[in-house]
Amino acid sequence: MRRAMELAARGRGSVEPNPMVGCVIVREGRVIGEGFHKKFGEAHAEREALGACVESPRGAIVYVNLEPCCHTSVGKKTPPCVPALVEAGVGRVVVGCLDPNPEVSGRGVAALVEAGIEVEVGVLEGEAKQLNAAFFARVVHGRPYVTLKWAQSADGKVAGARGVRKQISNETAMRVVHELRARSDAILVGIGTVLADDPVLTARGMEKRRPLIRGVMDSGLRIPLESKLVKTAGEGKVIVYCAAQEGKISRNVPLIERGVEVVAVARGRMGRPGPTLVLADLAKRGVTHLLVDAGPTLGQSLIDQGLADRVWVIRSPMVVGEKDAPDAPVAPFAEVGSVDLRGDRLVEMLNPFSDVFFAEAESADLKWVREMVVS
Ligand code: AOF
Ligand code: ZN
């Protein structure tokens, strides 16, 4: 099962919005075939593994981290896996966790049992669910998986004196951040970050894996028309989430004319656009992975409201040494892994109170970061 999950993780960034799935077929203690779901719309892990078998899988044991699918609904891209397993005559299927997709959930297992195949569910279940936490977030809870990311200095600062932008993380960290953007479906910032840094929020220099939606939480519609985000709205979607109120419509016009989508959401705490509504809106647009490039205010508020599933902190050895420089948010979460970024250190933490927290296991993302840094 561990091997199946290791293989599954290789699909990260290419399979979404599908889950990451790996499959290992074993006969008399020997692996006779393995495979994983490589790309959205392409073969599932089970079919890959069956196709790779070097001898007959008849009577063999199949290990797969997610329940094999059995549905044939409209829009489904590939033939279901259960009939393939039945036809191959496998003896036993060991499943990490059930597929939360309501079209499968339990039915895949039932169909296997009905065909006379022995099934065991729940081997390394927590880790199997954690691997696909983002898929669970979207399918079960109708929201994206929220990763909060920031860089902090050795003295816990995220910028220079009075919040003036300061480069804290190193080159390697910047490459990792851009690659994470390339694997995310959307990136969200607060208006404070736009006003202070004027970021463009693209995945510069990285292979474009999917369109990246760029979102701004901007209750009072303060985003400048000359900001890079507004200027590049024609090249990739920009959504400005403002607080619903009357009398602000006129200012929307120039933004809309420049291709920005303005979405008014009901106010949450402190008069800001309610973040849960923003998350629901993003999920409706198919966003599975949301990266929040958090300034200290937005970052702390998401943590305090329990809306951060995962935190990535880049810890730099640099000392800012300015008393009035803004402090990094405080995330009282469990550290699950870290990678040395040639001087800086990337620390991954998971929110144990998240409804998609299942195990203290490092993510598939940390694995590609480790590979990226070595190469
Ligand atoms: C599996 N094995 O490797 C994956 C599964 O459109 P399709 O045909 O790719 O089907 C997508 C659904 O299949 C997806 O929503 C999830 O329920 C399941 N994913 N199932 O048996 C796999 N990737
Ligand atoms: Zn399948």
Side-chain angles (χ1 to χ4, degrees), residues 1-25 33-53 57 61-88 90 92-115 117 119-125 127-145 183 185 209-210 283-289 356 364:
M1 188 60 76
R2 280 202 196 287
R3 175 66 183 156
M5 288 196 276
E6 208 175 280
L7 291 166
R10 295 193 194 162
R12 172 69 180 109
S14 313
V15 300
E16 299 85 0
N18 272 354
M20 291 176 269
V21 187
C23 179
V24 179
I25 304 182
E34 55 179 33
F36 63 101
H37 184 38
K38 292 200 179 87
K39 198 166 188 278
F40 180 76
E42 292 182 5
H44 282 185
E46 298 88 324
R47 283 179 184 274
E48 285 277 335
L50 286 170
C53 279
I61 308 178
V62 176
Y63 293 87
V64 59
N65 59 288
L66 190 79
E67 174 183 15
C69 68
C70 55
H71 61 305
T72 49
S73 56
V74 193
K76 192 171 188 319
K77 305 264 184 311
T78 69
C81 297
V82 167
L85 293 167
V86 172
E87 203 177 304
V90 304
R92 185 173 146 82
V93 176
V94 182
V95 175
C97 66
L98 293 182
D99 184 344
N101 180 348
E103 292 191 274
V104 183
S105 204
R107 290 186 211 172
V109 166
L112 288 168
V113 171
E114 199 157 308
I117 297 173
V119 182
E120 182 178 353
V121 181
V123 170
L124 296 179
E125 188 173 24
E127 281 163 72
K129 285 183 165 178
Q130 190 61 45
L131 178 66
N132 279 310
F135 183 68
F136 277 81
R138 192 176 53 77
V139 172
V140 181
H141 303 285
R143 65 176 183 83
Y145 188 76
R183 292 171 195 247
D185 307 293
R209 291 164 191 267
R210 54 168 55 68
K284 269 195 227 119
R285 298 167 191 261
V287 172
T288 304
H289 282 273
V356 290

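Heavy atoms only: backbone and side chains are in, while hydrogens, waters and symmetry mates are out. Indexing begins at 1, ligand by ligand and atom by atom, following the structure's order.
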Open item on the list: Within the 4.0 Å heavy-atom shell around Cys69, which atoms of ligand 1 are there?
Closed with: 1 (C), 20 (N), 21 (O)
Open item on the list: Closer than 3.5 angstrom, by distance alone: can the side chain of Glu67 be matched with the main-chain N or O of Gly106 as a donor-acceptor pair?
Closed with: yes
TODO: For atom 18 (C) of ligand 1, grab the closest protein heavy atom and report residue, atom and distance to one decimal in Å.
DONE: Asp99 OD2, 3.5 Å
Task: Exam field: side chain Asn132 to backbone Pro19, donor-acceptor pair closer than 3.5 Å - done: no
Open item on the list: I'd like to verify the contacts: list protein N, O or S atoms under a distance of 2.8 Å from the Zn ion (ligand 2).
Closed with: His44 ND1, Cys69 SG, Cys81 SG
Task: For atom 6 (O) of ligand 1, closest protein heavy-atom neighbour - done: Lys77 N, 2.8 Å
Open item on the list: With a 4.0 Å cut-off on heavy atoms, is Glu48 in contact with ligand 1?
Closed with: no
TODO: Decide side chain to side chain contact (heavy atoms under 4.5 Å, CB included) for Val62 and Leu85; before the verdict, give the C-alpha distance in whole Å, the side-chain angles of both, and the deciding distance to 0.1 Å.
DONE: CA-CA 9 Å; Val62 176; Leu85 293 167; 4.2 Å; yes
Task: Lys39 NZ: over 12 foreign heavy atoms closer than 6.0 Å - done: no
Task: N/O donor-acceptor pair under 3.5 Å between Arg138 side chain and His289 backbone - done: no
- [ ] Could you tell me the residue and atom name of the protein heavy atom closest to atom 14 (C) of ligand 1, and the distance to it rounded to 0.1 Å?
- [x] Asn18 OD1, 3.6 Å
Open item on the list: Does any N or O of ligand 1 fall below 3.5 Å from an N or O anywhere on Val104, backbone included?
Closed with: no
Task: atom 19 (N) of ligand 1: the protein heavy-atom neighbour that sits closest, reported with distance to 0.1 Å - done: Pro19 CG, 3.5 Å
TODO: Just need the protein heavy atom nearest to atom 23 (N) of ligand 1, so name the residue and atom and give the distance.
DONE: His37 CD2, 3.3 Å
- [ ] Look at Glu42 together with Lys77 and state whether they make a salt bridge at an N to O cut-off of under 4.0 Å.
- [x] no
Open item on the list: Show the atoms of ligand 1 that are less than 4.0 angstrom away from any heavy atom in Pro68.
Closed with: 21 (O)
TODO: Evaluate side chain to side chain contact (heavy atoms under 4.5 Å, CB included) for Val64 paired with Val94, printing each intermediate quantity in order.
DONE: CA-CA 6 Å; Val64 59; Val94 182; over 6 Å; no
Open item on the list: Applying side chain to side chain contact (heavy atoms under 4.5 Å, CB included) to Met1 and Asn65, what does each step give before you reach the verdict?
Closed with: CA-CA 7 Å; Met1 188 60 76; Asn65 59 288; 4.2 Å; yes
Open item on the list: Is there a polar contact, in the sense of an N or O pair closer than 3.5 Å, between His71 and ligand 1?
Closed with: no
Open item on the list: Under 3.5 Å between any N/O of Ala45 and any N/O of ligand 1: does that happen in this structure?
Closed with: yes
Task: Exercise: identify the closest heavy-atom pair between Ser14 and Lys38 - done: CB-O, 3.3 Å
- [ ] Just jot down the ligand 1 atoms closer than 4.0 angstrom to any heavy atom of Glu67, in number order.
- [x] 21 (O)
Open item on the list: As an exercise, state the distance from CZ of Arg210 to CZ of Arg183, rounded to the nearest 0.5 Å.
Closed with: 9.0 Å
Open item on the list: Please classify the Asn101 to ligand 1 contact at 4.0 Å (heavy-atom distances, strictly less than): side chain, backbone, both or neither.
Closed with: side chain
Open item on the list: Before you tell me yes or no, could you show the steps for His37 and Asn18 under side chain to side chain contact (heavy atoms under 4.5 Å, CB included), namely the whole-Å CA-CA distance, both residues' side-chain angles and the distance that decides it to 0.1 Å?
Closed with: CA-CA 9 Å; His37 184 38; Asn18 272 354; 3.2 Å; yes
Task: Selected option - heavy-atom contact closest to atom 10 (O) of ligand 1, from Glu42, Glu46, Lys76 - done: Lys76
Open item on the list: Under a 3.5 Å threshold, yes or no: a donor from one side chain and an acceptor from the other, between Glu16 and Thr288?
Closed with: no
Open item on the list: Regarding atom 20 (N) of ligand 1: of the candidates Arg138, Glu103, His44, which has the closest heavy atom?
Closed with: His44
Open item on the list: If you compare all heavy atoms of Lys76 against all heavy atoms of Cys69, which two are closest, and at what distance to 0.1 Å?
Closed with: NZ-SG, 3.6 Å
